[in-house]
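All remarks here apply to the structure that follows.
In each ligand, atom 1 is the first atom listed, and ligand 1 is the first ligand listed. We use all heavy atoms of the structure for the numbers below, so side chains are in, but hydrogens, waters and symmetry mates are not. We count residues from 1, following the sequence as given.
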Amino acid sequence: MLNMGGPSTVPETHDFLKSLFLDRDLMQLPFQSLLAPWIARRRSPMIEQQYEAIGGGSPILRWTEHQGAGMAALLDELHPTTAPHKAYIAFRYARPLTDECATRMRADGVKRAVAFTQYPQYSCSTTGSSLNELYRKGIDGTLSGIEWSVIDRWGTHPGFIEAVAQNVERALQKFNPSVRSDTVLLFSAHSLPMSVVNRGDPYVSEVAGTVQAVMQRLGYSNPWRLVWQSQVGPRPWMGPKTDAALKGLAKLGRKRVVLVPIAFTSDHIETLFELDHEYCAEARESLGMEVQRAESLNDSPVFIRALADMAAQHLKDYSAGKISPTSVQMGLRCPGCENATCGKQKAWFAKGGE
Ligand SMILES: C=CC1=C(C)c2cc3[nH]c(cc4nc(cc5[nH]c(cc1n2)c(C)c5CCC(=O)O)C(CCC(=O)O)=C4C)c(C)c3C=C
Ligand code: FES
Ligand SMILES: [Fe+2]
């Protein structure tokens with residue numbers, strides 16, 4: 001299970017930020033090996049406060065462990081020919097990192113594995129970075145001798161869509177029935193720098209695909225917009241910004257909103273801090289809005305079953321020789337890609353790793 005991870009405790013924040021700013025698949029800075037530790041040190045106090053405010057750390061490890069254990073148990077029933085199944089976690093910027101994951105897999109003598117991204121929509125800055133890291137550890141011997149296949153994106157999987165839709169419906173239930181259908185659904189995803197969008201990164205259009213599928217499942221019951229949050233730094237990012245959209249809607253007199261996190265499967269500072277502490281609180285207090293947030297998927301049993309369904313279908317099709325180790329779509333690099341690792345990574349996974 002591949003994801004970015006987060007600091008489980010506040011003191012781990014600095015190392016998390018340092019490895020994030022060092023990641024050349026995520027961002028390229030001048031003199032990165034010197035600048036990254038400097039930025040990490042400067043940003044740490046503020047980000048530490050945010051993790052403090054959400055309960056003393058990121059819950060992503062706990063939720064991923066829960067989701068992974070649930071998925072593996074269901075998989076043993078759904079696809080017994082490849083049982084027993086076991087979920088391992090490889091985070092890109094926090095423990096357990098790929099090295100730690102490799103140690104555990106080696107100790108268990110794993111010979112066959114599925115690299116299963118936990119980002120529903122594909123971005124080269126997220127799933128791409130995790131796959132590049134796995135590829136590096138595959139060829140340097142840390143994780144060798146394993147037959148790999150990849151589940152690289154699943155932004156319109158019906159089980160995932162159902163799980164999100166149910167959480168939207170639950171949030172809508174909190175509004176008075178007389179105003180419920182006028183309530184605006186504001187789907188909010190982590191933004192991307194325009195330089196990444198313009199390179200041809202698939203994330204923005206895949207997030208839009210998820211939103212369309214959720215709205216179709218909801219029977220287009222409410223008006224909606226897709227907005228983007230967590231822009232950092234001075235350069236242009238994908239918009240509109242979530243906080244600006246809330247203010248704009250308030251101005252237009254659309255004061256009832258459900259905020260729906262759509263690009264991350266568990267709670268993190270962006271839902272718990274930005275959405276709840278900053279945006280919702282401000283919208284309620286100074287804009288006079290009624291804002292509810294749809295829950296993150298966290299321990300949703302519908303979502304855990306969806307993960308198991310995706311893995312079972314993948315294993316079944318792979319065993320039957322119906323699919324290759326990687327999807328057709330994963331084979332195409334961004335038209336503007338200048339990162340040589342992307343090409344090597346895709347070629348390596350396409351032949352099943354090892
Ligand atoms: C799931 C979608 C995400 C995409 C796409 C994404 C791209 C992206 N992010 C940065 C820079 C930063 N991201 C930071 C934190 C962060 N990013 C995501 C998700 C995506 N990022 C999440 C969920 C989080 C928060 C983790 C948590 O535990 O809450 C940060 C660190 C925080 C900060 O310093 O403000 C940075 C920096 C870039 C440059 C980028 C695309 C190129
Ligand atoms: S940046 Fe998208 S494939 Fe390299
Ligand atoms: Fe990010």
Side-chain angles (χ1 to χ4, degrees), residues 2-10 12-14 16-29 36 39-51 53-55 57-64 91-94 117-132 135 152-153 155 188-204 206-207 210 228-233 235 237-238 261-276 296 329-347:
L2 307 175
N3 212 332
M4 61 187 296
S8 295
T9 60
V10 174
E12 291 166 77
T13 304
H14 171 266
F16 165 74
L17 289 177
K18 190 167 99 180
S19 36
L20 189 145
F21 284 104
L22 277 171
D23 179 5
R24 293 185 65 76
D25 299 321
L26 178 72
M27 62 178 95
Q28 300 201 320
L29 303 170
I39 303 176
R41 242 179 297 123
R42 242 186 31 152
R43 280 188 82 77
S44 283
M46 183 185 85
I47 307 289
E48 279 172 4
Q49 263 181 15
Q50 298 181 355
Y51 281 113
I54 67 163
S58 166
I60 185 172
L61 178 58
R62 211 165 26 88
W63 287 130
T64 310
F91 284 153
R92 188 67 188 78
Y93 313 120
T117 186
Q118 296 302 301
Y119 300 101
Q121 305 89 6
Y122 193 99
S123 170
C124 296
S125 65
T126 56
T127 299
S129 168
S130 281
L131 291 173
N132 283 356
Y135 155 73
D152 64 330
R153 72 199 78 205
S188 184
H190 190 295
S191 187
L192 264 194
M194 284 315 292
S195 58
V196 177
V197 178
N198 290 337
R199 172 169 88 195
D201 193 276
Y203 172 78
V204 166
E206 290 192 15
V207 175
T210 300
W228 307 88
Q229 63 179 76
S230 315
Q231 294 83 354
V232 277
R235 290 188 303 174
W237 286 64
M238 186 69 197
I262 196 67
F264 219 64
T265 54
S266 55
D267 277 324
H268 49 100
I269 38 178
E270 287 169 6
T271 49
L272 297 170
F273 188 82
E274 269 188 65
L275 291 183
D276 295 355
S296 300
Q329 175 68 335
M330 186 176 141
L332 183 66
R333 286 169 71 185
C334 298
C337 175
E338 287 175 348
N339 181 348
T341 310
C342 299
K344 293 185 214 156
Q345 172 256 106
K346 287 171 190 296

Checklist entry - Does a donor on one side chain sit under 3.5 Å from an acceptor on the other, for Ser188 and Gln229? => result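 Result is yes, a qualifying pair exists.
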Please name the pair of heavy atoms, one in [X] and one in [Y], separated by the smallest distance, quoted to 0.1 Å.
X	Y	result
Asp201	Cys124	OD2-N, 2.8 Å
Ser266	Ser296	C-CB, 3.8 Å
Trp63	Asp267	CD1-N, 4.2 Å

Checklist entry - Heavy-atom count around Lys18 NZ within 6.0 Å, excluding the residue itself: above 12? => result no
Next on the checklist: Angle between ring planes, Phe16 versus Tyr51, binned at 30° and 60°: parallel, tilted or perpendicular?
Outcome noted: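 Aromatic pair Phe16/Tyr51 classed perpendicular.
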Checklist entry - For ligand 1, what are the residues with a heavy-atom contact below 4.0 Å? => result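 Within 4.0 Å of ligand 1, the protein residues are Met4, Leu17, Leu20, Phe21, Leu26, Arg43, Ile47, Tyr51, Ser58, Tyr119, Ser125, Thr126, His190, Leu192, Pro193, Val196, Tyr203, Val232, Trp237, Ala263, Phe264, His268, Ile269, Glu270.
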Item to check | side-chain contact (heavy atoms from CB on, under 4.5 Å) partner of Met4, chosen from Leu26, Thr127, Leu20 | outcome: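 Among the candidates, only Leu20 passes.
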Next on the checklist: Just so I know, are the side chains of Arg153 and Gln121 near enough to count as touching, which here means a heavy-atom distance under 4.5 Å?
Outcome noted: no
Item to check | Under-2.8 Å neighbours of atom 4 (Fe) of ligand 2, protein N/O/S atoms only | outcome: 2
Next on the checklist: One pair to check against side-chain contact (heavy atoms from CB on, under 4.5 Å): Gln345 and Leu131. What are the steps and the verdict?
Outcome noted: CA-CA 7 Å; Gln345 172 256 106; Leu131 291 173; 3.7 Å; yes
